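Structure first, commentary second.
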Amino acid sequence: MNDAIQRATSRRSATLALLMCLFSSVATADNRFSVADYETIQAALDANRGRLVFVPPGDYHISEKLRVRGAGSGLFGPGRIIQTQANQPVIEIENAEGAAIRDLTVTRSQGNRETDNEGILAIDCRDLVIENVSVIDNRTRSAAITLRDCIDSRITHCLIKNYMRITVDDRTASADWGYAFNCTDGTGISVSQSVGTLIESNRVIEENLVPTREIKAEHHLGDFVRKNKQKGLIVNQTMWDADYTDNWQQGSGIIVTSPETSDLTRIVNNHIENAAQGIDLHCDHVTVANNVIVNSFVGMKAMHGSRNVIIIGNQFTRNSLWAIGLMPGAAANASNPDGGSIIANNIISEFGHGDAHWIWGNERSPLKFDSGQQADDPPLTNVIIQGNIVDCIGPARFEYAVIIAQGENMPKGLRFSNNLFHPGTAGVANTELAP
């Protein structure tokens, strides 16, 4: 018996020694690819293309963007990268397959937080992973994290906080609009011209710029700063004459755009708080599931030829203009119509109780199905709306639970079933809801 115990103990000791040897080899390899062994982070990246480079704890100040290039390249670790120049992104990943950015904190130095640039910008990547990354105080009119021309990439378990800024939205180059105005702008996650993107379990939160009367007055938000001689083709005459727009909250928590190009997107399990628009879609074959969207003046919208969109199991609370909106837009056309979508099992609560309620008032609706921006936009067609709840405690702060545009190019083929819609001040809907 003692011999058997000794042999077993000897085998365990040998196994433990082997594991310790392997761990030592891995630790040595990790140390060999650490930014601590190089003069700069960029030098570490350049010397280790095709590898993930470890960023140890601590602050790392940079004055130029970090450039990640090559298959399998990237950065990971608990370090904090601080960009000291407002005119530079923090990290740029380009033409890289299987690249990764993990676990880092990305931010900007005091005095350089307002920028026109991204925290993380990825261009022409495949199988990119951005995971467990915090992007803090990258206050930009673009986006904290941006993907362009990417395939099968994912942004997961990230924190994006305070991403908006005061700026001017200049639409004078567009005959549709023809004016420029003061606004708050900025987006948490932006995806364009990309296919197969997964955006999952992120927290996108704005705490710096919320729509108060004081901020509006201080920065003259909504006031026109320029306008063309000719009124924009899709601009309301009253707004044009007033030189003012209520729509001075611009940007989105998450936007996926590029109609007819961006495709096969999953937006699931995200928490979006205090955005202008929670989720903004101009793309096809999208799943929007199990997200929580809090205190955004628009919960989500899909337009400009968004087709085959599934909106299921989301929580929309304290929205002010609408919670879910589907509508054509200027980019819609006969080969790029909106519709063929499902809205199911969503809960809309405390509608009209968001911070932007004072801007929009009570004559709004939790669900909106609109006609196009232009006369030739094909109508929104074939949408199933089932199993949704508009929950209201106390007096309703909306006119109708559902508004469906009427007249020419009105939505067609909307089918409602098993919904529980609290009536607004004027009723459940502005027209009969077809089963």
Side-chain angles (χ1 to χ4, degrees), residues 234 236 246-247 249-257 259 267 272 275-284 286 288 291 293-312 314-332 337-344 346-349 351-352 354 356-357 359-374 377-386 388-390 397-406 409-416 419 421 424 428-431 433:
I234 61 175
N236 177 280
D246 283 330
N247 196 25
Q249 283 182 277
Q250 292 293 305
S252 305
I254 297 171
I255 183 170
V256 182
T257 187
I267 303 173
I272 301 170
Q277 303 172 109
I279 297 174
D280 191 7
L281 302 177
H282 314 157
C283 51
D284 296 331
V286 190
V288 179
N291 300 283
I293 301 173
V294 182
N295 195 30
S296 301
F297 90 87
V298 168
M300 71 151 290
K301 76 174 193 287
M303 63 184 300
H304 293 301
S306 291
R307 190 153 192 85
N308 305 133
V309 180
I310 300 174
I311 304 163
I312 186 167
N314 301 282
Q315 290 271 359
F316 296 93
T317 185
R318 297 182 62 217
N319 305 124
S320 298
L321 183 59
W322 64 75
I324 302 174
L326 271 60
M327 60 211 70
D338 291 80
S341 298
I342 296 174
I343 301 173
N346 301 282
I347 297 177
I348 299 171
S349 60
F351 185 86
H357 171 261
I359 302 170
W360 300 105
N362 290 342
E363 295 183 4
R364 306 299 164 186
S365 61
L367 290 116
K368 184 173 184 179
F369 303 92
D370 211 347
S371 54
Q373 292 179 312
Q374 299 174 329
D377 292 339
L380 171 70
T381 304
N382 297 341
V383 181
I384 293 174
I385 305 100
Q386 65 181 24
N388 302 283
I389 294 177
V390 174
R397 288 191 173 185
F398 51 89
E399 186 175 18
Y400 296 101
V402 180
I403 288 183
I404 302 173
Q406 301 298 294
N409 288 344
M410 64 181 289
K412 299 178 180 179
L414 305 188
R415 296 291 181 264
F416 292 82
N419 299 287
F421 293 149
V428 169
N430 67 323
T431 187
L433 302 181

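Just so it is clear, the model here is predicted, and its values are computed rather than measured.
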[atom2] on [Y] to [atom1] on [X], rounded to 0.5 Å:
| X | Y | atom1 | atom2 | result |
| --- | --- | --- | --- | --- |
| I385 | F421 | CD1 | CZ | 7.5 Å |
| L414 | S341 | CG | OG | 10.5 Å |
| N319 | S365 | CG | OG | 11.0 Å |
| M410 | F369 | CE | CZ | 12.0 Å |
| E363 | Y400 | CD | OH | 10.0 Å |
| D377 | M303 | CG | CE | 8.0 Å |

Could you give me the CA-CA distance, side-chain angles and deciding distance for V383 and L326, then say whether side chain to side chain contact (heavy atoms under 4.5 Å, CB included) is met?
CA-CA 9 Å; V383 181; L326 271 60; 4.1 Å; yes
S371: which residues meet the side-chain hydrogen bond (donor to acceptor under 3.5 Å, both in side chains) condition with it, sequence neighbours left out?
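With neighbours one apart ignored, the set is empty.
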Quick one, I342 with I312, criterion side chain to side chain contact (heavy atoms under 4.5 Å, CB included). Give me CA distance, side-chain angles, the key distance, then yes/no.
CA-CA 8 Å; I342 296 174; I312 186 167; over 6 Å; no
Shortest non-hydrogen contact from [X] to [Y]?
| X | Y | value |
| --- | --- | --- |
| A405 | P411 | O-CD, 3.5 Å |
| I272 | A275 | CG2-CB, 3.8 Å |
| A356 | S320 | C-OG, 3.6 Å |
| G305 | D284 | O-OD1, 2.9 Å |
| P259 | A331 | CG-CB, 3.9 Å |

For the backbone of [Y] and the side chain of [X], can you confirm whether one donor and one acceptor N or O come within less than 3.5 Å of each other?
| X | Y | answer |
| --- | --- | --- |
| N409 | P378 | no |
| D370 | G325 | no |
| Q406 | I404 | yes |
| N388 | N346 | yes |

Any salt bridge between D280 and K301, counting N to O under 4.0 Å?
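Result for this pair is yes, salt bridge flagged.
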For a 4.5 angstrom cut-off between non-hydrogen side-chain atoms, does [X] reach [Y]?
| X | Y | value |
| --- | --- | --- |
| K412 | L380 | no |
| W322 | M300 | no |
| F398 | P366 | yes |
| L281 | T257 | no |
| I359 | Q249 | yes |
| V402 | L433 | yes |

F297: ring pair (Phe, Tyr, Trp, His ring centres under 6.0 Å) partners, not counting sequence neighbours:
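Here the qualifying residues are W360.
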Determine, step by step, whether H357 and R397 satisfy the side chain to side chain contact (heavy atoms under 4.5 Å, CB included) criterion, reporting the C-alpha distance in whole Å, the side-chain angles of both residues, the deciding distance to 0.1 Å, and the verdict.
CA-CA 9 Å; H357 171 261; R397 288 191 173 185; 3.7 Å; yes
Among [options], which residue meets the side chain to side chain contact (heavy atoms under 4.5 Å, CB included) test with [X]?
| X | options | answer |
| --- | --- | --- |
| I293 | N314, I254, I279 | I279 |
| I343 | V309, V288, I310, I324 | I324 |
| I403 | L367, T431, N430 | N430 |

Decide whether H304 and D338 meet the rule of one side-chain donor and one side-chain acceptor closer than 3.5 Å.
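No, no side-chain donor-acceptor pair sits under 3.5 Å.
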Taking salt bridge (Lys or Arg N to Asp or Glu O under 4.0 Å) as the cut-off, I'd like each qualifying pair that reaches into residues 316-330, sequence neighbours left out, listed once.
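Every salt bridge (Lys or Arg N to Asp or Glu O under 4.0 Å) pair that includes a residue of residues 316-330, provided the two are not neighbours, is R318-D355.
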